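Note sheet for the following structure.
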Amino acid sequence: MLLGHDRAMVDEAAAGLRDDGLKASAVVADISVEAEVEAAIATSGKMLGSIDILVNNAAIQPYGTVASMNSGEWDKVIGINLRGTYLCCKHALKVMLAQGRGHILNVLSIASQTALPGSAAYTASKFGALGLTKVLAAEVRAQGIKVTAVIPGAVNTPLWDKSGGDLDRRKMLSPTDVAAAMLSVIAQPPSIYTDEIVLMPPLGIL
């Protein structure tokens with residue numbers, strides 16, 4: 001089940017998965033709005049029959065310093081990157097706790113551990129999301145729920161399209177490599193809890 005804010009994009013992604021022989025559906029929601037998240041996850045649970053894995057990957061990254069960033073932009077970044085992660089965890093947990101099992105993977109960023117000048121709101125949101133992930137793991141691990149913080153360095157995704165920089169994106173991690181690392185964590189036996197994985201390009205932070 002794919003969840004996103006853009007109907008055309010999630011439908012296209014779901015169609016691509018179906019072309020590969022997989023079962024895939026899509027729901028649309030603004031993850032900063034609780035009622036929309038609650039409805040989308042309820043729909044997902046009914047269609048899937050269970051919610052075994054939740055991957056929180058939505059994020060935006062406008063650039064700006066603390067002094068220069070517009071307060072409205074700040075609120076939007078926090079709303080999606082931090083509040084959205086919280087809301088998706090909160091409502092998926094209702095299903096997972098009832099099941100007595102589940103695995104939440106919060107895709108963060110090296111910005112959750114390292115201050116990135118010029119990305120004030122993004123860095124703040126990711127530091128907050130890492131704290132949220134650690135608290136969540138401590139709260140639910142005894143109830144059979146795994147929680148993993150996925151902390152990649154630069155990944156070659158459209159998030160960089162408006163960066164205005166001259167970074168060589170060929171030196172970044174590929175989304176496929178990050179996904180493979182996440183699948184390896186998901187495939188671990190029930191007796192192993194991986195709290196955090198850090199994935200970096202060969203040259204480190206670009």
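Since we're looking at a predicted model, the values are computed, not measured.
Side chain of Ser184 to backbone of Ala181: a donor-acceptor contact under 3.5 angstrom is found. A donor-acceptor contact shorter than 3.5 Å links the side chain of Asn81 to the backbone of Ile60. A distance-only check finds a donor-acceptor pair linking the side chain of Arg83 to the backbone of Ser32 [under 3.5 Å]. Without hydrogens or angle criteria, Ser119 side chain to Tyr122 main chain gives no donor-acceptor distance under 3.5 Å. Judged purely by atom type and a 3.5 angstrom limit, Lys146 uses its side chain to pair as donor or acceptor with the backbone of Ile192. Although no hydrogens or angles enter the test, the distance criterion places a donor-acceptor pair under 3.5 Å between the side chain of Asn70 and the main chain of Gly72. Judged by distance alone, the side chain of Gln143 and the main-chain N or O of Ile145 form no donor-acceptor pair under 3.5 Å.
Looking at Glu38 and Lys90, no side-chain N of the basic residue comes within less than 4.0 Å of a carboxylate O on the acidic one, giving no salt bridge. Under 4.0 Å is where a charged nitrogen must lie from a carboxylate oxygen, and between Arg141 and Asp195 at least one such pair does.
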### Task
Using the side-chain contact (heavy atoms from CB on, under 4.5 Å) rule, take Arg170 and Asn156 through it: C-alpha gap first, then chi angles, then the decisive distance, then the call.
CA-CA 7 Å; Arg170 295 171 298 179; Asn156 187 9; over 6 Å; no

### Message
Run the side-chain contact (heavy atoms from CB on, under 4.5 Å) test on Leu105 and Ile53 for me, step by step, so that the C-alpha distance in whole Å, both residues' side-chain angles and the decisive distance to 0.1 Å come before the verdict.
### Response
CA-CA 8 Å; Leu105 297 98; Ile53 300 163; 3.8 Å; yes

### Message
Set out, in order, the CA-CA distance, both residues' side-chain angles and the distance that settles side-chain contact (heavy atoms from CB on, under 4.5 Å) for Leu130 and Lys126, then state yes or no.
### Response
CA-CA 6 Å; Leu130 179 56; Lys126 292 299 184 178; over 6 Å; no

### Task
For the pair Val185 and His103, evaluate side-chain contact (heavy atoms from CB on, under 4.5 Å) and give the outcome as yes or no after the intermediate values.
CA-CA 10 Å; Val185 172; His103 195 162; 3.8 Å; yes

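The shortest distance between side-chain heavy atoms of Thr65 and Pro117 does not fall below 4.5 Å. Looking at heavy atoms from C-beta onward, Cys88 lies in side-chain contact with Ile31 at the 4.5 angstrom threshold. For the pair Val155/Met172, no side-chain contact is recorded, criterion being any heavy-atom separation below 4.5 Å from C-beta on. Under the 4.5 Å side-chain criterion, counting only non-hydrogen atoms from C-beta, Leu136 is in contact with Leu93. Looking at heavy atoms from C-beta onward, Pro175 lies out of side-chain contact with Val178 at the 4.5 angstrom threshold. A heavy-atom distance below 4.5 Å is found between the side chains of Arg101 and Ser50. A 4.5 Å side-chain heavy-atom check between Met47 and Ser25 finds at least one atom pair inside the cut-off. Looking at heavy atoms from C-beta onward, Leu87 lies out of side-chain contact with Glu36 at the 4.5 angstrom threshold.
For the residue pair Asn106 / Thr133, a side-chain donor-acceptor distance below 3.5 Å is found, with atom types taken as modelled. For Glu196 and Thr148, the side-chain atoms include no donor-acceptor pair closer than 3.5 Å. Between the side chains of Ser112 and Ser109, no donor-acceptor pair is found at a separation under 3.5 Å.
Of all heavy-atom pairs between Ile78 and Ala121, the closest is CD1-O, 4.1 Å. Between Ala115 and Thr123, the closest heavy-atom pair is CA-CG2, 3.9 Å. Residues Leu82 and Ala129 come closest through the heavy atom pair CD1-N, 3.5 Å. The two residues Leu3 and Val10 come nearest to each other via the heavy atoms C-CG1, 4.1 Å.
Here the straight-line distance linking atom NZ of Lys23 with atom CG of Leu48 works out to 10.5 Å at 0.5 Å rounding. A distance of 8.5 Å separates CD1 in Ile51 from CE in Met1, rounded to the nearest 0.5 Å. Once rounded to the nearest 0.5 Å, the distance linking CZ of Phe127 with OG1 of Thr114 reads 6.5 Å. Note that CG of Leu199 is 9.5 Å distant from CD1 of Ile110, once rounded to the nearest 0.5 Å.
Hydrophobic cluster membership differs between Leu54 and Met182, with clusters built from Ile, Leu, Val, Met, Phe, Trp and Tyr side chains linked at under 4.5 angstrom. Residues Ile186 and Val147 are members of separate hydrophobic clusters, defined by side-chain heavy-atom contacts under 4.5 angstrom among Ile, Leu, Val, Met, Phe, Trp and Tyr. Hydrophobic cluster membership differs between Leu2 and Val95, with clusters built from Ile, Leu, Val, Met, Phe, Trp and Tyr side chains linked at under 4.5 angstrom.
Every residue two or more places apart in sequence or in another chain that forms a side-chain contact (heavy atoms from CB on, under 4.5 Å) with Ala24 is listed here: Ala14, Leu17, Arg18. Partners of Asp11 by salt bridge (Lys or Arg N to Asp or Glu O under 4.0 Å), not counting sequence neighbours, listed by chain and number: Arg7.
Crowding of Glu12 atom CD: a count of heavy atoms from other residues, nucleotides or ligands under 6.0 Å not exceeding 12. Counted within 6.0 Å of CE on Met200, heavy atoms from surrounding residues, nucleotides or ligands total more than 12; the atom is thus considered enclosed.
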